[in-house]
Amino acid sequence: MSPKLALQIGAVLALLFGLALTFIPAQMLGGFGMVAPPEALVISRDIGVTLIGVAIINWLGRGAVGDALRAILIGNIFIQVAEAVVNGWEVVAGIIPTPALGGVVLHVVLAIIFWLGLRRA
């Protein structure tokens with residue numbers, strides 16, 4: 001997979017999830033089987049705007065080359081692997097419900113997409 005395509009996919013998904021977490025956090029979390037108190041909605045919105053920032057970085061960085069391109073891809077791989085590990089542990093520990101495993105799968109798929117892009121960078 002081309003690095004450009006990997007970053008475009010990552011940008012679009014980060015934007016979609018970022019917008020959802022920013023503007024409809026209760027519904028977004030509900031889709032993963034979670035009910036959130038108001039304090040959790042604040043954090044969800046914070047994560048949402050951060051994801052929108054990642055989307056902007058990925059989209060604007062899709063034409064990067066060399067070290068800059070590898071840095072963006074490696075940063076994305078770290079985010080996806082770390083999220084998969086943390087969310088996977090949270091499901092196993094019973095902290096978040098089993099439907100959240102869908103998010104873990106998405107993180108693993110995105111990590112693979114970014115890794116495939118890194119191989120061609």
Side-chain angles (χ1 to χ4, degrees):
M1 172 173 303
S2 76
K4 181 176 183 175
L5 180 57
L7 290 174
Q8 288 172 328
I9 291 168
V12 169
L13 290 174
L15 180 63
L16 292 174
F17 280 91
L19 289 170
L21 284 168
T22 300
F23 295 109
I24 53 168
Q27 294 87 335
M28 181 69 175
L29 295 174
F32 290 101
M34 295 182 267
V35 177
E39 298 83 2
L41 298 178
V42 171
I43 299 300
S44 294
R45 288 185 191 100
D46 289 347
I47 293 167
V49 297
T50 300
L51 280 173
I52 293 168
V54 169
I56 292 168
I57 291 167
N58 285 348
W59 190 260
L60 296 178
R62 70 192 189 281
V65 295
D67 289 342
L69 176 60
R70 285 187 291 281
I72 295 168
L73 290 166
I74 290 169
N76 274 281
I77 291 167
F78 171 79
I79 290 169
Q80 300 308 323
V81 170
E83 284 286 345
V85 169
V86 168
N87 292 157
W89 173 80
E90 290 167 335
V91 170
V92 170
I95 298 167
I96 58 176
T98 305
L101 280 175
V104 174
V105 171
L106 179 61
H107 290 303
V108 170
V109 169
L110 282 168
I112 292 167
I113 287 170
F114 289 124
W115 177 76
L116 291 171
L118 182 62
R119 289 183 59 206
R120 301 220 15 227

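Cluster annotation: Leu5 is connected to Leu106 through the hydrophobic network of ILVMFWY side chains, with a link wherever side-chain heavy atoms come within less than 4.5 Å. Cluster membership check: Ile9 shares its hydrophobic cluster with Leu7, using side-chain heavy-atom separations under 4.5 Å among Ile, Leu, Val, Met, Phe, Trp and Tyr. Hydrophobic clustering of Ile, Leu, Val, Met, Phe, Trp and Tyr side chains at less than 4.5 Å, counting indirect connections, unites Ile112 with Ile72. In this structure, Trp89 is not a member of the same hydrophobic cluster as Phe78, with clusters built from ILVMFWY side-chain heavy atoms closer than 4.5 Å. Hydrophobic clustering places Leu73 together with Trp115 (ILVMFWY residues linked when any side-chain heavy atoms are closer than 4.5 Å, directly or through intermediates).
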Assess whether side-chain contact (heavy atoms from CB on, under 4.5 Å) is satisfied between Ile52 and Leu19, documenting all intermediate values.
CA-CA 7 Å; Ile52 293 168; Leu19 289 170; 3.9 Å; yes
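Annotation for Phe32 and Pro99: closest pair O-CB, 3.7 Å, computed over non-hydrogen atoms. The heavy-atom pair separating Pro97 from Gly33 by the smallest distance is CG-O, 3.1 Å. Nearest approach of Asn58 to Gly10, heavy atoms of both residues: ND2-C, 3.8 Å. Closest heavy-atom contact between Ala26 and Leu41: N-CD2, 3.7 Å. In terms of heavy atoms, Pro25 sits closest to Ser44 at CB-CB, 3.8 Å. For the residue pair Leu69 and Pro3, the shortest heavy atom distance occurs at CD2-CB, 3.7 Å.
A 4.5 Å side-chain heavy-atom check between Met28 and Phe17 finds at least one atom pair inside the cut-off. Within the 4.5 Å cutoff, the side chain of Val54 has heavy atoms near those of the Asn76 side chain.
Screening Val91, Leu101, Val86 for a side chain to side chain contact (heavy atoms under 4.5 Å, CB included) with Ile96, the sole residue that qualifies is Val91.
Glu90 is linked by a side-chain hydrogen bond (donor to acceptor under 3.5 Å, both in side chains) to Asn87, counting only residues two or more places apart in sequence or in another chain. In terms of the side-chain contact (heavy atoms from CB on, under 4.5 Å) criterion, residue partners of Gln80 (sequence neighbours excluded) are, by chain and number, His107, Leu110, Ala111, Phe114.
Taking CD1 of Ile24 as the start and CZ of Arg45 as the end, the distance is 11.0 Å to the nearest 0.5 Å.
For Arg119 (side chain) and Leu116 (main-chain N/O), no donor-acceptor pair under 3.5 Å exists by modelled atom type.
With side-chain heavy atoms closer than 4.5 Å counting as contact, directly or through intermediates, Val42 stands alone and belongs to no larger hydrophobic cluster.
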